[in-house]
Amino acid sequence: MVHHDPVVHARHPQRPAHRGIAELSATELAEFPLADGTRIPTLSETLSAIGNGATVYVEIKARDIEPLVTRCIRESDATCAVHSFDHRVVRNVKAIFPAIRTGVLEASRHIDPVASLADASAEDLWQEVDSIDQEIVERAHSVGARVIAWTANEPTQWETLHALGVDGICTDRIAELATFSWQVR
């Protein structure tokens, strides 16, 4: 299922307002519509809807679903990459599907910013925006990895990240970032 949060926040007459997605079957999840009334989509449905028009970055938030996720990706026409805060998940995905691009999510500034990349056999460092500095970018690039900042929602952050040489920016303000006027340095 494709949902950002580990719980559903929908109101249902016979069910509590907040239920863990991992605790529910697909049939039960269908009873919890999203705010606009649509049901929570499956990964296969999402990949089919997107097709090959964009790269889909799949964040895995649960353990032991790596075979299911990689099967959905392999069976689709979509171009995908997988990342997770649980670096064991990333390593497992890479073992199952060596050709897929993978990344590790980091919420803090590590002493050795590329150690987790090597340990998980990952190519992308998804670093929390406030922990990104020139050393992280240089170290990641020195081993051929990309640095993707999350979640940068302010134009001042975008400018700083651009100046540091990050390779991607994750934001909640997609339309604004897409039309942002970058300062040439």
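Under the rule for a side-chain hydrogen bond (donor to acceptor under 3.5 Å, both in side chains), the partners of D124 that lie at least two apart in sequence or sit in another chain are R101, R146.
Note that CG of L125 and CD1 of I148 are 8.5 Å apart. Values are rounded to the nearest 0.5 Å. Here CG of L34 is found 5.0 Å from CD1 of I40. Values are rounded to the nearest 0.5 Å.
Judged by distance alone, the side chain of E106 and the main-chain N or O of S108 form no donor-acceptor pair under 3.5 Å. Here the side chain of E123 pairs a donor or acceptor atom with the backbone of T102 at under 3.5 angstrom. At least one donor-acceptor pair under 3.5 Å links the side chain of H87 to the backbone N or O of L105. Within the 3.5 Å criterion, the main-chain N or O of E28 finds a donor-acceptor partner in the side chain of S25. A donor-acceptor contact shorter than 3.5 Å links the side chain of W158 to the backbone of A152. Judged by distance alone, the side chain of S131 and the main-chain N or O of Q127 form no donor-acceptor pair under 3.5 Å. Remark: the backbone N or O of P155 is not paired with any side-chain donor or acceptor of E159 at under 3.5 angstrom.
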After noting the C-alpha distance and the side-chain angles of H3 and L29, does the key distance pass the side-chain contact (heavy atoms from CB on, under 4.5 Å) rule? CA-CA 11 Å; H3 196 276; L29 274 172; over 6 Å; no
Please report the C-alpha distance between R109 and E135 in whole Å, then the side-chain angles of each, then the deciding distance to 0.1 Å, and finally whether the salt bridge (charged side-chain N to carboxylate O under 4.0 Å, His left out) criterion is met. CA-CA 11 Å; R109 174 62 164 89; E135 180 192 5; 2.6 Å; yes
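Annotation: W126 is not in aromatic contact with F85 [ring centroid separation under 6.0 Å not met].
The pair E66-K94 does not count as a salt bridge, with every side-chain nitrogen at least 4.0 angstrom from each carboxylate oxygen. Salt bridge present: R173 and E154 bring a charged side-chain N and a carboxylate O closer than 4.0 Å. Between K61 and D5, no side-chain nitrogen of the basic residue sits less than 4.0 Å from a carboxylate oxygen of the acidic one, so the salt-bridge criterion is not met.
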Let me have the donor-acceptor pairs involving side chains of residues 43-53, under 3.5 Å, with sequence neighbours excluded, atom names and distances please.
residue	atom	partner	partner atom	Å
E45	OE1	R39	NH1	3.2
E45	OE1	R39	NH2	3.2
E45	OE1	T42	N	2.9
E45	OE1	T42	OG1	3.4
E45	OE2	R39	NH2	2.4
T46	OG1	T42	O	3.0

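Taking every heavy atom of both residues into account, A107 and W150 meet most closely at CA-CZ2, 4.1 Å.
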